[in-house]
Every structure is written in C-alpha cells, then in structure tokens.
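As the structure lists them, so they are numbered: ligands from 1, and atoms in each ligand from 1. Being a predicted model, the structure only gives us computed values, none of them experimental.
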Amino acid sequence: MEIVKERYVFSGGIDALSIVEKYGCPLYVYDTSIIGRQYKKLIDAFKVKQLKINYACKALTNINVLRYIKSLGAGLDTVSIQEVRLGLMAGFTPEDIIYTPNCVSLEEIKEALDLNVRINIDNLSILEQFGTAFPDKPICIRINPHILAGGNSKISTGHIDSKFGISFHQMPHVLRIVETTGIKVTGLHMHTGSDILDSEVFLQGAEVLFNIAESFPDLEDIDFGSGFKVDYKNDGIETDVEDLGERISKRFKEFCTTYGRELTLMFEPGKYLVSEAGIFLVKVNVIKQTTSTVFAGVDSGLNHLIRPMLYNAYHKIENISKTSGRTRIYTIVGYICETDTFGVNRKLNEVHEGDILAFHNAGAYCFMMSSNYNSRFRPAEVLIHEGKDYLIRNHENMDDILKNQIEHDIFEVKMVEA
Ligand SMILES: *Cc1c(COP(=O)(O)O)cnc(C)c1O
C-alpha cells in the first residue's frame, strides 16, 4: 500500500478506503503482486540446477491464494490432512505436495498416503510403524539439527528439547529402522523455526544435513525448511535472502558434487511469501482518553488478529483515513472483553471515530488464527489481482456461529417476546 495523491492505494491504483466502502470491515486484503515479487526474490536468490519452493500454506490457505501460488510454479508444504485436501482442491498435484505433520496418528498419515502426497516423518515411532507397514513407499525424514533459532520460544522448533524432528544424535537408530524395514529415504528435511535473521543458522543446519546425507544413497532432495524473517517494523531488518542464496547455493553445489548426483534444493516459506501481501483494515469505534493514554478502540480484537497478544508480534499500524496533518500517540486496542492490545504508543495521523486503520504484514498467520471468540464474526477476505478486487471470503453471520450447534428440547425455557 502506498500513498498516491493523498490516498492510500493498493497495487493497480485501487483505493483502500473505497475497498472498505465496498466490502465493509473488518477486512483482510491480499495483494498478489507482493506474493509474486517475494516468490521471484527467492527464485532469483538460489542459483542451483534444481530448486523447488514449497509454500507453507498454514500461513494463509484461502483457496484463491493457493491457486495463485500454484500458478507461480510453487509446490505446497502442508501440516495437516485438511491442508493436503485443500491443496489438491486448489489444483496442486500430489507430487507437488509435501505433508510434514507433527504428532499426528498413523491413521492420518495413511490417509495422506492414499492421496499419494509426499510424506515427511518426524519421529522414530512413526518411522518404524510406517516403514513396517509400507516398506515400498519412499519417504522424507525431518531431522532436528539442534539449533536454537527463531523469533521467540513458541516459534523456535530446532533446539534440543523441541518436539519437532528426529534428533541427529539418533541417526544410528534411524539407520537401523531403514535397514530392517527396507524403506527408501528420498528426502531430508529440517525446519528450525520462524523469524530467523541470520544466514548462519541455515548454513549450520545445512552442514548437519549434508553430513547425514552420506548415509542415504537414494536422496532426491534436501529441504532446508523456512523461517525467513520479514520486515514487520519497516526498518529493513529481514533475512537477507540474496546473501543466504549465494552462500547456500555455493555449498549445495559442492555437496552435490561430493554426493555424486544433482539433488533438488528445497525451501518451504510461509511468512516470506504472504506476510507483506496482507493488510488488515478496521474501523475506529471509540477514542478514549485516560489520564495518561489515548486509546483508539477498533471493531476487531484478538479474535481476528492474535499475533500481538500471542507472540508479542509487532504490526505496523497506520490511519489511512488521513495521509497528512498532525500526529498523536495512540494505544490501539480491540473490543474483546480481555486486554487485547494491538499496539502501544503508536504515532498516527490524528484519529477520529470512524477512521480506518490498516495493520501491515497481515498476510501470514493472521486470518488463519482468527476465531469466533465473544461470538463475533470472522472477517471477510479480498484479493487484489492485476488491478481488480475480488471478494474471496464472505463476512460471517449468525448462521456461521450456530452452524454445528445442535439444539435439544430438554430444558423448559419460557420464550420472552423480543
Ligand atoms: C510453519 C512451517 C513453515 C513456515 O514457516 P514460516 O516462518 O512461515 O516461513 C515451514 N515448514 C514447516 C514444517 C512449518 O511447520
């Protein structure tokens, strides 16, 4: 979003306030041009013979977004059988889908197997059961390289006490299972967390996987996961993918020479592809001044965007009803009956009730983590593509709230005339 002639506009010159007028708010808006730009940055950064980017779709699974990302040539990284099904519905082929579950049942893994998608196994128990039941199905193994990385402990997944992946210290056990079951390991994988700034983390992890790779003669690909940090604060602090690309590509090529075969280099970014593409638009209901704080209370809350409360995440906020004039300091809060603070002491163009605020970087893990808490409706979603806007999810209504509830006639309730 940028300011053109005193108005905030999306790509193609689409006016942000008129989008709110047209579709109402709270509203998530995603701009495909930014997803495309991010995808291209990755493709350009890694200069290897065979590169595959698999979109970690848990970040944002609206089927139109999946279709757009498919059109770019990406594959899909999924963590649940439901995501696998969505991916297939969006047109990804089974070979293009990797299923990387954690602590799911063997039954669910069998379902994925029936759908012919690639399976990534992340614990010894399932490896043994799977290998015994399906020795002729090639698999990928998720390794835990024991690297502490990531923006905070909830999104850090590669450290020694993490529940994710098989510890590289347990390789002898893995090899024993592979040998006794005869299962073919065609991929190695790691994913050490989210919001990783330092290229060094990926390089260290890469060395761990390269070492392990020597024990597996049938490899087709090596997947370095994701965790690319994006620029939430608009201060330019994000993973330098050009630098990372240069270093990893060089090392990967050397590895392929040693290994004796050209393998595919894989990554599975979520946030990096869709975070910046999303803007969340809300309306200011109330301005409330206390002794020391000016609150801007908006028509949304932790039910629609929980990252600030859950992870202490920072989302840049702007008053898009005003592009200039005087500024004041606000604390932006939601309408939920719990403290749901989106941002403290933010400098905004002077806010009046009825103004529209925009939350930046709202593409990844925002709508996806929304809920009906306080029996509120979840927001609608709009896609901006090549100068046109498309409603891709309706606002909810009372039917959505009641959809799976079953009413029973077991209590005597006197109906009150409304
Ligand atoms: C969540 C997840 C990702 C994506 O992480 P981002 O930080 O959004 O890029 C990739 N791989 C796996 C296995 C994940 O669980």
Side-chain angles (χ1 to χ4, degrees), residues 30 34-35 38-39 41-42 45-46 52-61 65-66 69 74-84 87 96-104 109 112 117-123 126 139-145 147 149-159 162-166 187-199 201-202 205 209 221-232 237-241 244 265-278 307 310-311 313 315 361-369:
Y30 313 116
I34 295 176
I35 303 175
Q38 293 296 95
Y39 182 77
K41 271 205 264 182
L42 287 179
F46 297 96
K52 185 88 193 180
I53 303 294
N54 296 313
Y55 168 51
C57 72
K58 69 177 187 284
L60 181 62
T61 55
V65 172
L66 297 184
I69 290 178
L76 205 65
D77 180 70
T78 60
V79 294
S80 70
I81 194 71
Q82 291 79 8
E83 285 186 356
V84 169
D96 268 344
I97 300 179
I98 301 190
Y99 170 61
T100 302
N102 175 255
C103 292
V104 309
I109 295 178
V117 299
R118 293 201 54 197
I119 298 195
N120 192 2
I121 290 185
D122 100 325
N123 68 81
I126 293 285
I139 50 149
C140 175
I141 294 181
R142 179 172 185 172
I143 306 289
N144 186 335
I147 292 164
N152 71 56
S153 65
K154 289 193 186 115
I155 54 177
S156 174
T157 57
H159 56 91
S162 155
K163 68 166 185 159
F164 298 97
I166 301 175
L188 290 180
H189 168 273
M190 71 166 195
H191 173 66
T192 50
S194 212
D195 268 3
I196 302 167
L197 192 55
D198 191 359
S199 301
V201 170
F202 288 96
L209 292 198
D221 42 69
I222 297 193
D223 185 338
F224 293 122
S226 175
F228 303 118
K229 187 171 175 59
V230 298
D231 185 4
Y232 279 103
I237 295 181
E238 59 183 345
T239 309
D240 181 348
V241 296
L244 175 68
L265 173 62
M266 285 187 173
F267 285 97
E268 45 190 36
K271 205 178 260 183
Y272 191 82
L273 289 180
V274 298
S275 172
E276 217 186 305
R307 298 186 72 257
L310 191 61
Y311 301 135
H315 287 267
N361 281 88
Y365 310 111
C366 290
F367 180 88
M368 296 310 294
M369 289 191 176

Worksheet entry | From the candidates K271, H191, M190, the one that places a heavy atom nearest atom 5 (O) of ligand 1 | H191
Practice prompt. With sequence neighbours left out, write down each residue that passes ring-ring contact (aromatic ring centres under 6.0 Å, His included) with Y39, or none if nothing qualifies.
Written response: none
Worksheet item: Is there a heavy atom in A364 that sits closer than 4.0 Å to ligand 1?
Response: no
Worksheet entry | K52 bridged to D96 by N-O distance under 4.0 Å | yes
Worksheet item: Does the pair R307 and C366 meet the rule for a side-chain contact (heavy atoms from CB on, under 4.5 Å), with working shown?
Response: CA-CA 7 Å; R307 298 186 72 257; C366 290; 3.9 Å; yes
Worksheet item: For ligand 1, which atoms, with element, lie under 4.0 Å from some heavy atom of K58?
Response: 1 (C), 2 (C), 3 (C), 4 (C), 14 (C), 15 (O)
Worksheet item: Can you tell which part of D77 has a heavy atom less than 4.0 Å from ligand 1: side chain, backbone, both or neither?
Response: side chain
Worksheet item: Any heavy atom of P269 sitting closer than 4.0 Å to ligand 1?
Response: yes
Item to complete: Would you mind listing which atoms of ligand 1 come within a distance below 4.0 Å of any non-hydrogen atom of G270?
Response: 4 (C), 6 (P), 8 (O), 9 (O)
Worksheet entry | Residue E268 vicinity, atoms of ligand 1 by number, heavy atom under 4.0 Å | 3 (C), 4 (C), 10 (C), 11 (N), 12 (C), 13 (C)
Item to complete: Below 4.0 angstrom from a heavy atom of G227, which ligand 1 atoms are there? Numbered from 1 as shown, please.
Response: 7 (O), 9 (O)
Worksheet item: Between I121, V104, I139, which is the residue that forms a side chain to side chain contact (heavy atoms under 4.5 Å, CB included) with I126?
Response: I121
Worksheet item: Is Y365 close to ligand 1, meaning an N/O of one under 3.5 Å from an N/O of the other?
Response: yes
Worksheet entry | Polar atom proximity, R142 to ligand 1 (N or O, under 3.5 Å) | no
Fill in: Under 3.5 Å: N/O of V79 near N/O of ligand 1
no
Worksheet item: When the ring centroid of H315 is compared with that of Y232, is the distance short of 6.0 Å?
Response: yes
Worksheet item: Is any side-chain N of the basic residue among R118 and D223 closer than 4.0 Å to the acidic one's carboxylate O?
Response: no
Worksheet, complete the sentence: Numbered in order shown, the ligand 1 atoms found under 4.0 Å of a heavy atom of A56 are 3 (C), 4 (C), 10 (C)
Fill in: Heavy-atom donor-acceptor pair, S275 side chain to A364 backbone, under 3.5 Å
no
Item to complete: Give me the one residue out of R142, H189, H191 that meets side chain to side chain donor-acceptor pair (under 3.5 Å) with N120.
Response: H189
Worksheet item: Is H189 close to ligand 1, meaning an N/O of one under 3.5 Å from an N/O of the other?
Response: no
Practice prompt. Mind checking ring-ring contact (aromatic ring centres under 6.0 Å, His included) for Y272 and listing every partner two or more places apart, or none if nothing turns up?
Written response: F228
